[in-house]
Peer 1: 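Below: one structure in structure tokens.
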Amino acid sequence: MSKKDLARVYEPREIEMKWSQRWLAGEGFAADARSKKPAFSMVIPPPNITGSLHLGHALNNTLQDIMARYKRMRGYNVLWLPGLDHAGIATQNVVERQLKEEGLTRQTLGRERFIERVWKWKEESGGTILGQLKRLGASCDWTRLKFTMDEGLSRAVREVFVSLFNEGLIYRADYIINFCPRCHTALSDLEVEHEERDSFLYHIDYPLKEGGGITVATTRPETMLGDMAVAVNPEDDRYKHLIGSTVRLPLVNREIPVIADRAVEAAFGTGAVKITPAHDFNDFETAKRHGLKPLTVMDDTARMNENAGPYRGLTSLEARERVVNDLKEAGLLKKEERYRVPAGLCYRCGTVVEPTLSKQWFVKVAPLAKPAMEAVREGRIRFVPENWERTYFDWMLNIRDWCISRQIWWGHRIPAWHCRDCGHITVSREDPRGCGRCKGGNIEQDPDVLDTWFSSALWPFSTLGWPEKTPEEEAFYPTSALFTSFDIIFFWVARMIMMGLKFKGDVPFREVYIHALVRDAEGQKMSKSKGNVIDPVVMMDRYGTDALRFTLAAFAAQGRDIKLAEERIEGYRNFANKLWNLARFTLMNIAGEGGDEKAGQRELTDADRWIITRLSSCIEEVSGSLDRYEFDRAANAIYSFVWHELCDWYVELIKPDLRGEKGEKRKQASADILLGVMKDTMRLLHPFMPFITEEIYSYLPDVTPGIIKEGFPEPPPKYPGEAAATTVVMDVIRAVRNIRTEMNIPLSTALDCLCFSKDPAARRALELGEAYVKSLARVSVLKVSGEGERPVDAAFAVVGGGGGVEGIAGIEVFVPLKGHVDIAGETSRLIRGLEKVERELAGVEGKLGNGDFLNNAPASVVEKEKEKMASLLEKKVKIGAGLERIRGLKG
RNA sequence: GGGCGGAUAGCUCAGUCGGUAGAGCACAGCCCUUACAAGGCUGGGGUCACAGGUUCGAUCCCUGUUCCGCCUACCA
């Protein structure tokens, strides 16, 4: 027996824990910055320290891991660098929530103690996702784990900020920004999600000082308190005469002008728009065009401020209610029209954001965007699939300045100091002792921190040690590939490209693979509130990590979202089980009875040559697909090879050989081939299913331990002729099986089988494959002839030829039934077959009868059609003869 | 409004030089054949959304239409 036996049942849990521990204890995943091997490097999209593994992470990291393991096996010096993101707003929210439970706030704690508290939380429970990634099998170089708030990475942030500031690419300005009243901070445009909601379009009469009035339409009546003008289109005949007149703003009795602006659509609403520069993005722009001063009516807690007069202290919703009521009472509310309004929501907490005028820090993006677009246009960065380039260009072309200051405490504090005496702002790499201008010591650091994405943008080089010069940077920058999903192309990918080009003078990665978003079986986004979340950790518990990984890979078709249902994972768990049993079978049959593996002495059968040929194609397909990021194709190629070729056919074919029916030598040879195929298959599959393949591999004899260190299999030479011969045997087996089923003949009844073929190659194939036919079709006597008397009392089929195997003519297969032929059943079976042949024949004849086809189609296509017609005709004649015989039997 | 993607078997999807379609799951029948019932064997199932065009020939290329997603945008 084999050196060890595998457990009877496939139990992923234990196996996974075992290998996970061994891998992490070993050095297998560590990259070597001084290696002479070609480098392949990736930086992980750093998950939040607050996060836990969801399917998006699972997919993202499974694909990266497949690539990392594949490249390692192909001989690359692989760096897959892991890390975490400090997630400013999200993390601050978590800790603030904790404080609240203790009856504390960050303000009562003070900035310093609050930050200490966040660090403490980070050490204790931040980054649970790292353990989950390890469980997923992620073969990161864990010795190089980085965090965006690490000292080195923070230095990179500071270096970049100061450089950009000195170049004038970072500036501070009063500008309208999105403010989240719950998170109490400014957000960038990208951090706002848009959603339509049911609301009203309010039509409000604004009285004119000169008498009469003008009706404006608005979705946000409460902001009228900050109106600085009413705008109409200059071409609008209804209002032309009012341009330049004065409106007396209701409720607050402020006088504002009527102005003309082309941006106003005469056709919408009443054609008159109220202009609230401090609380609406468009109005802000309009006001700038007309030199109007903004008036803020909300404070930084999003409550109405002193400028809102009697409404002071109200939230915007409360204010809206009161304003609408008051307008009604004053008889100024003309109409409330049902209307879908776009709402901006904070991407972190979903609260409706308030556009507010405020003083913030910005990055001037246009000068950075230009080279970033060129890099993609010139192909120095390639998007896969490439249609995402268009999305990237669209955004980069219309890019707006990036608001980078956040009014929170957790993050990289802005390295700018305000002088209380002279007002000068000192921006410095080192903490300054005094004001850069008046040299006074009365300075205070800006209280804001930077957008988390600001540090993420530096990730591909800050993690490699920049701004220090390091061997890592030398060896691994630019990184080879970045794996991410499309929803963060703007947030992250674009910004990394800009920063990489700016500060490293080279692209941050050569290829960007954009993978799918995982949705539920109905195509809905998974979300906790919908309750349709599939938890990858639960799936790993239930079906094993390998099954989850394989499922994700098999569904990762480019350009399409993944709709995932639990049954899929179960299906691939079954595949893992199939593999397990294949391994058990292999081990049972590669008896250690002095099996010599001298390849030269092995005599290969057609079946051996067939499986080797199929394996070879499979290896080519898998490596080719992986090189093109076609994970689904690669996974499916292995699946169908293992299940439908190796298990369904090869293992069944060689069972008689393994039983020793053809002698000891053949038995050994078959076992050797099977073992060889198994070894290659495990290595081929390893990137996808690392645990089970590592386990099985460790049981195979004569392997160096650690499949991880093995190379990726090379495709062996193919044997097309012998492979074709084997498919002839398979066709005959299938034909007999079909007859057996349709004639309702139990397996226990042995059958005879007679095959006629004019083709010597076909006859030879069947003679060599006699044992296979006998074994798999349960045939006791197989006779193969070129010509002769066709049996009358038999079921009949024609196989081969036709669209089947090239160069091998049709084979007539007879199963004598000794008076038990079900004449009706057999007749209808043959007629069905005949009809099918005739249908195909009609198509082919149509083509060949068409002069245009013969003249215009390429010769090879015409030739192919002619061959097809010949074999179909042959088949038709043979089936026709079979029908005649049956009819004769009847009479 | 602009952009991108999708529409192929009951479901989920392949189909990368144009030559009348494949897989998995589900379904039906038979089978505990000593690797595996998380299995085996056999089978049924399709106007490739619709309408035009190019072509000898279109699921594939072009145009338009319908429906469905997503991204993006200053009709308040």
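Chain letters run A, B, ... following the sequence lines, proteins first, then strands; residues in each count from 1.
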Peer 1: In whole Å, what is the span from the CZ atom of A:Arg659 to the C1' atom of B:U33?
Peer 2: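 In whole Å, B:U33 C1' lies 10 Å from A:Arg659 CZ.
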
Peer 1: Check whether any side-chain nitrogen or oxygen of A:Arg573 sits under 4.0 Å from OP1 or OP2 of B:A38, and answer yes or no.
Peer 2: no

Peer 1: The side chain of A:Asn581 is closest to which nucleotide in this list: B:A35, B:U33, B:C71?
Peer 2: B:A35

Peer 1: With nearest nucleotides of RNA chain B determined for A:Phe575 and A:Leu747 from heavy-atom distances, which residue corresponds to the more 5′ nucleotide?
Peer 2: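 First, find each residue's nearest nucleotide; the 5'-ward one identifies A:Leu747.
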
Peer 1: Under the side-chain hydrogen bond (donor to acceptor under 3.5 Å, both in side chains) criterion, do A:Asp401 and A:Tyr175 qualify, and how do the steps go?
Peer 2: CA-CA 11 Å; A:Asp401 283 357; A:Tyr175 208 85; over 6 Å; no

Peer 1: Can you tell me if A:Asn398 touches the phosphate of B:A73, counting only side-chain N or O atoms and a distance under 4.0 Å to OP1 or OP2?
Peer 2: no

Peer 1: Examine B:G39: is either OP1 or OP2 under 4.0 Å from a nitrogen or oxygen in the side chain of A:Asn574? Give yes or no.
Peer 2: yes

Peer 1: Counting only side-chain nitrogens and oxygens, does A:Lys578 get under 4.0 Å of the OP1 or OP2 atom of B:G40?
Peer 2: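 True: A:Lys578 side-chain N/O within range (under 4.0 Å) of B:G40 OP1/OP2.
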
Peer 1: How is A:Val651 classified with respect to the nucleic acid when contacts are heavy atoms under 4.0 Å: base, sugar-phosphate, or nothing?
Peer 2: base

Peer 1: What is the distance from CG of A:Leu579 to C1' of B:G39, rounded to the nearest Å?
Peer 2: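 Taking CG of A:Leu579 and C1' of B:G39, I get 14 Å after rounding.
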
Peer 1: Considering heavy-atom distances to RNA chain B, does A:Arg734 or A:Arg584 have its closest nucleotide positioned more toward the 5' end?
Peer 2: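 With A:Arg734 and A:Arg584 compared, the 5'-side residue is A:Arg584.
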
Peer 1: For A:Phe585 and B:C36, give me the distance from atom CZ to atom P, rounded to whole Å.
Peer 2: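 Answer to the nearest Å: 10 Å.
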
Peer 1: Within less than 4.0 Å of OP1 or OP2 of B:A35, is there a side-chain N or O belonging to A:Lys655?
Peer 2: yes

Peer 1: Under 4.0 Å, heavy atoms only, any strand: does A:Tyr202 hit a base, just the sugar-phosphate, or nothing?
Peer 2: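 Result for A:Tyr202 = nothing.
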
Peer 1: When we call it a touch if two heavy atoms are under 4.0 Å apart, what does A:Asn855 touch: a base, just sugar-phosphate, or nothing?
Peer 2: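 Here A:Asn855 touches no strand at all.
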
Peer 1: Does a nitrogen or oxygen in the side chain of A:Arg390 sit under 4.0 Å from OP1 or OP2 of B:C4?
Peer 2: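 It does, given that an N or O in the side chain of A:Arg390 lies less than 4.0 Å from OP1 or OP2 of B:C4.
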
Peer 1: Apply salt bridge (Lys or Arg N to Asp or Glu O under 4.0 Å) to A:Lys864 and A:Glu867, showing your working.
Peer 2: CA-CA 5 Å; A:Lys864 225 166 122 187; A:Glu867 279 172 24; over 6 Å; no

Peer 1: Regarding A:Phe555, tell me which of base, sugar-phosphate or nothing describes its non-hydrogen contacts under 4.0 Å with the strands shown.
Peer 2: sugar-phosphate

Peer 1: What heavy-atom pair brings A:Arg829 and A:Met743 nearest, and what distance separates the two atoms?
Peer 2: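 Closest heavy-atom pair between A:Arg829 and A:Met743: NE-CE, 4.0 Å.
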
Peer 1: Could you give the CZ-to-P distance, from A:Arg737 to B:U42, as a whole number of Å?
Peer 2: 5 Å

Peer 1: Would you indicate what A:Glu285 reaches in the nucleic acid, counting non-hydrogen atoms under 4.0 angstrom: base, sugar-phosphate, or nothing?
Peer 2: nothing

Peer 1: Using whole Å, report how far CG of A:Leu848 lies from C1' of B:U20.
Peer 2: 14 Å

Peer 1: How long is the line joining CZ of A:Phe853 and C1' of B:A58, in whole Å?
Peer 2: 14 Å

Peer 1: Hey, can you tell me if A:His644 and A:Tyr639 have their rings parallel, tilted or perpendicular (30° and 60° cut-offs)?
Peer 2: perpendicular

Peer 1: If you check the A:Leu582 side chain, which of B:U72, B:G43, B:A35 turns out closest?
Peer 2: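 Between B:U72, B:G43, B:A35, the one nearest the side chain of A:Leu582 would be B:A35.
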
Peer 1: Could you please name the option among B:A76, B:G43, B:C36 that lies closest to any side-chain atom of A:Asn738?
Peer 2: B:G43

Peer 1: When all nucleic acid strands are considered with a 4.0 Å heavy-atom cut-off, which category describes A:Pro746: base, sugar-phosphate, or nothing?
Peer 2: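 Since no nucleic acid heavy atom lies under 4.0 Å of A:Pro746, the category is nothing.
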
Peer 1: What nucleotide among B:A76, B:G43, B:G24 has an atom nearest to a side-chain atom of A:Asp280?
Peer 2: B:A76

Peer 1: Between atom CZ in A:Phe393 and atom C1' in B:G3, what is the gap in whole Å?
Peer 2: 15 Å

Peer 1: B:A38, OP1 or OP2 - any side-chain N/O from A:Tyr543 closer than 4.0 Å?
Peer 2: no

Peer 1: Any side-chain heavy-atom pair from A:His279 and A:Ser316 closer than 4.5 angstrom?
Peer 2: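 In short, these two side chains do not touch, never coming nearer than 4.5 Å.
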
Peer 1: Out of B:C56, B:G5, B:A76, which nucleotide sits closest to the side chain of A:Asp852?
Peer 2: B:C56

Peer 1: Scan A:Pro221 against the nucleic acid and name what it touches under 4.0 Å (heavy atoms): base, sugar-phosphate only, or nothing.
Peer 2: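 Contact class for A:Pro221: none.
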
Peer 1: Could you tell me if the side chain of A:Pro12 sits less than 4.5 Å from the side chain of A:Asp546, heavy atoms only?
Peer 2: no

Peer 1: Heavy atoms only, 4.0 Å cut-off, all strands: where does A:Gly843 land among base, sugar-phosphate and nothing?
Peer 2: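 Result for A:Gly843 = base.
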
Peer 1: Would you tell me if any nitrogen or oxygen in the side chain of A:Asn856 comes within less than 4.0 Å of OP1 or OP2 on B:C56?
Peer 2: yes

Peer 1: Between A:Phe688 and A:Tyr572 (judged by ring centroids, cut-off 6.0 Å), do the two rings come close enough to count as a pair?
Peer 2: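 No.
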
Peer 1: Record whether the side chain of A:Glu630 comes under 3.5 Å of the base of B:A14 through a donor-acceptor pair of N or O atoms.
Peer 2: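 It does not, because no donor-acceptor pair links the side chain of A:Glu630 to the base of B:A14 below 3.5 Å.
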
Peer 1: From the set B:C75, B:U33, B:C41, return the single nucleotide nearest to any side-chain atom of A:Arg778.
Peer 2: B:U33

Peer 1: Using a 4.0 Å heavy-atom cut-off, does A:Val264 contact any base of the nucleic acid, only the sugar-phosphate backbone, or nothing at all?
Peer 2: base

Peer 1: Rounded to the nearest Å, what distance is computed from the CZ atom of residue A:Phe486 to the P atom of nucleotide B:G5?
Peer 2: 13 Å

Peer 1: Checking salt bridge (Lys or Arg N to Asp or Glu O under 4.0 Å) for the pair A:Arg832/A:Glu742: CA distance, chi angles, key distance, verdict?
Peer 2: CA-CA 13 Å; A:Arg832 256 185 289 138; A:Glu742 301 230 355; 3.4 Å; yes

Peer 1: Can you run through RNA chain B from 5' to 3' and write each base as (, ), [, ], | or . depending on how it pairs? Watson-Crick or G-U wobble, both distances under 3.5 Å.
Peer 2: (((((((..((((.....[..)))).(((((.......))))).....(((((..]....))))))))))))....

Peer 1: For A:Trp649 and B:G40, is the shortest distance between a side-chain N/O and OP1 or OP2 below 4.0 Å?
Peer 2: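 Checking B:G40 against A:Trp649, no side-chain N or O comes under 4.0 Å of OP1 or OP2.
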
Peer 1: For A:Ser860 and A:Glu863, what are the C-alpha separation, side-chain angles and deciding distance, and is it a side-chain hydrogen bond (donor to acceptor under 3.5 Å, both in side chains)?
Peer 2: CA-CA 5 Å; A:Ser860 63; A:Glu863 194 49 40; over 6 Å; no

Peer 1: Does B:G24 have OP1 or OP2 sitting under 4.0 Å from an N or O in the side chain of A:His644?
Peer 2: yes

Peer 1: Which heavy atom in A:Leu830 sits nearest to a heavy atom in A:Phe796, and how many Å separate them?
Peer 2: CD2-O, 3.5 Å

Peer 1: Verify the contact: side-chain N or O of A:Lys836 to OP1 or OP2 of B:U20, cut-off strictly under 4.0 Å; return yes or no.
Peer 2: no

Peer 1: Let's see if you can work this out: which of B:A35, B:A76, B:C56 has an atom nearest to the side-chain heavy atoms of A:Thr219?
Peer 2: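 Of the candidates, B:A76 comes closest.
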
